[in-house]
Amino acid sequence: MQVGIIGFGNMGSAFAHCLKDSSNVVIYDKEESKKQKALELGFGVAKSVDFLLGSDFLLLAVKPKDAEEVLNQLKSNIEKEILVSIVAGLSLEKMKSILGEKAKIIRTMPNINVKVQKGCIAFVTDLEKEYREKFINLFSSCGKLYPIEERLMDSFTALAGSGPAFVFKFISGLAMAGVMEGFDYKT
């Protein structure tokens with residue numbers, strides 16, 4: 001199984017780490033520093049997005065402002081690959097309008113807990129059972145998967161995608177308050 005990951009930021013690298021034991025992971029990022037980091041961590045690095053074509057899965061892990069440009073690069077060559085998007089706010093309809101109606105697309109929203117294989121990942125797709133099962137079998141190694149209606153994706157993003165970051169910030173604040181009161185950080 002080969003997974004091409006487009007974007008090696010926080011989430012792209014988190015998925016790379018949790019998928020590396022079950023698949024061959026190849027990274028593409030337009031920033032040289034991120035390519036170098038991926039190489040140092042032992043991942044294959046592609047010189048272009050086109051090199052990832054032919055992968056079983058393409059994980060779109062770029063910022064929302066960059067997603068349309070990447071989709072336009074893929075549109076004339078994507079065929080059998082299953083595109084898994086973690087791009088916030090990018091609907092199935094919008095992706096299909098760029099890639100075409102025959103494109104195999106799964107829209108997801110994960111949280112950073114994917115990094116330790118304990119993610120909470122909502123997904124929506126109109127793909128046949130065969131492709132859904134292939135996705136579930138691979139991506140369940142990253143955490144729990146929840147099929148939801150697309151109309152709930154933005155709410156899920158706020159609750160489970162971004163929500164844990166606020167909880168961790170709060171917990172960190174409590175720990176630092178304890179340090180200020182005289183506790184050592186470890187305690």
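Heavy atoms only: backbone and side chains are in, while hydrogens, waters and symmetry mates are out.
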Once rounded to the nearest 0.5 Å, what's the spacing between atom [atom1] of [X] and atom [atom2] of [Y]?
X	Y	atom1	atom2	value
Ile105	Asp126	CD1	CG	8.0 Å
Gln73	Ile78	CD	CD1	12.0 Å
Lys96	Leu83	NZ	CG	10.5 Å

Sort and list the pairs that fulfil salt bridge (charged side-chain N to carboxylate O under 4.0 Å, His left out) and have at least one residue in residues 115-124, not counting sequence neighbours.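 Sorted pair list comes back empty.
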Salt bridge (charged side-chain N to carboxylate O under 4.0 Å, His left out): pairs with one or both residues in residues 38-52, sequence neighbours excluded: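 Salt bridge (charged side-chain N to carboxylate O under 4.0 Å, His left out) check on residues 38-52 returns no pairs.
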Do the side chains of Lys129 and Glu133 get close enough for a salt bridge, i.e. N-O under 4.0 angstrom?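 Salt bridge between Lys129 and Glu133, a charged N being under 4.0 Å from a carboxylate O: yes.
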Strictly below 4.0 Å, N to O, side chains only: are Asp29 and Lys37 in salt-bridge contact?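 Judged by the 4.0 Å cut-off on N to carboxylate O distance, Asp29 and Lys37 do not form a salt bridge.
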For the aromatic rings, using the six-membered ring if either is Trp, is the centroid distance between Phe123 and Phe135 under 6.0 Å?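 Ring-ring flag for Phe123/Phe135: true, centres closer than 6.0 Å.
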Between Phe57 and Phe139 (judged by ring centroids, cut-off 6.0 Å), do the two rings come close enough to count as a pair?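 Between Phe57 and Phe139, the centre distance is under 6.0 Å.
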Would Leu99 and Leu74 count as a side chain to side chain contact (heavy atoms under 4.5 Å, CB included) here? Give the steps. CA-CA 7 Å; Leu99 296 176; Leu74 293 171; 4.2 Å; yes
Verdict with reasoning, Tyr131 to Thr125, per side chain to side chain contact (heavy atoms under 4.5 Å, CB included): CA-CA 10 Å; Tyr131 297 114; Thr125 187; over 6 Å; no
For Cys18, give me all partners under disulfide bond (SG atoms under 2.5 Å apart), at least two apart in sequence or on another chain.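 Cys18 satisfies disulfide bond (SG atoms under 2.5 Å apart) with Cys142 once adjacent residues are dropped.
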Spell out, as yes or no, whether a donor-acceptor pair under 3.5 Å connects the side chain of [X] to the backbone of [Y].
X	Y	answer
Thr108	Ser85	yes
Glu150	Leu92	yes
Asn111	Gly119	no
Thr187	Phe183	no
Asn72	Glu68	yes
Ser13	Gly9	yes

Side chain to side chain contact (heavy atoms under 4.5 Å, CB included), that's the test. Do Asp21 and Ser141 meet it? Break it down for me. CA-CA 9 Å; Asp21 293 335; Ser141 66; over 6 Å; no
Residue pair Leu138, Ser23: steps toward the side chain to side chain contact (heavy atoms under 4.5 Å, CB included) verdict: CA-CA 8 Å; Leu138 180 61; Ser23 57; 4.2 Å; yes
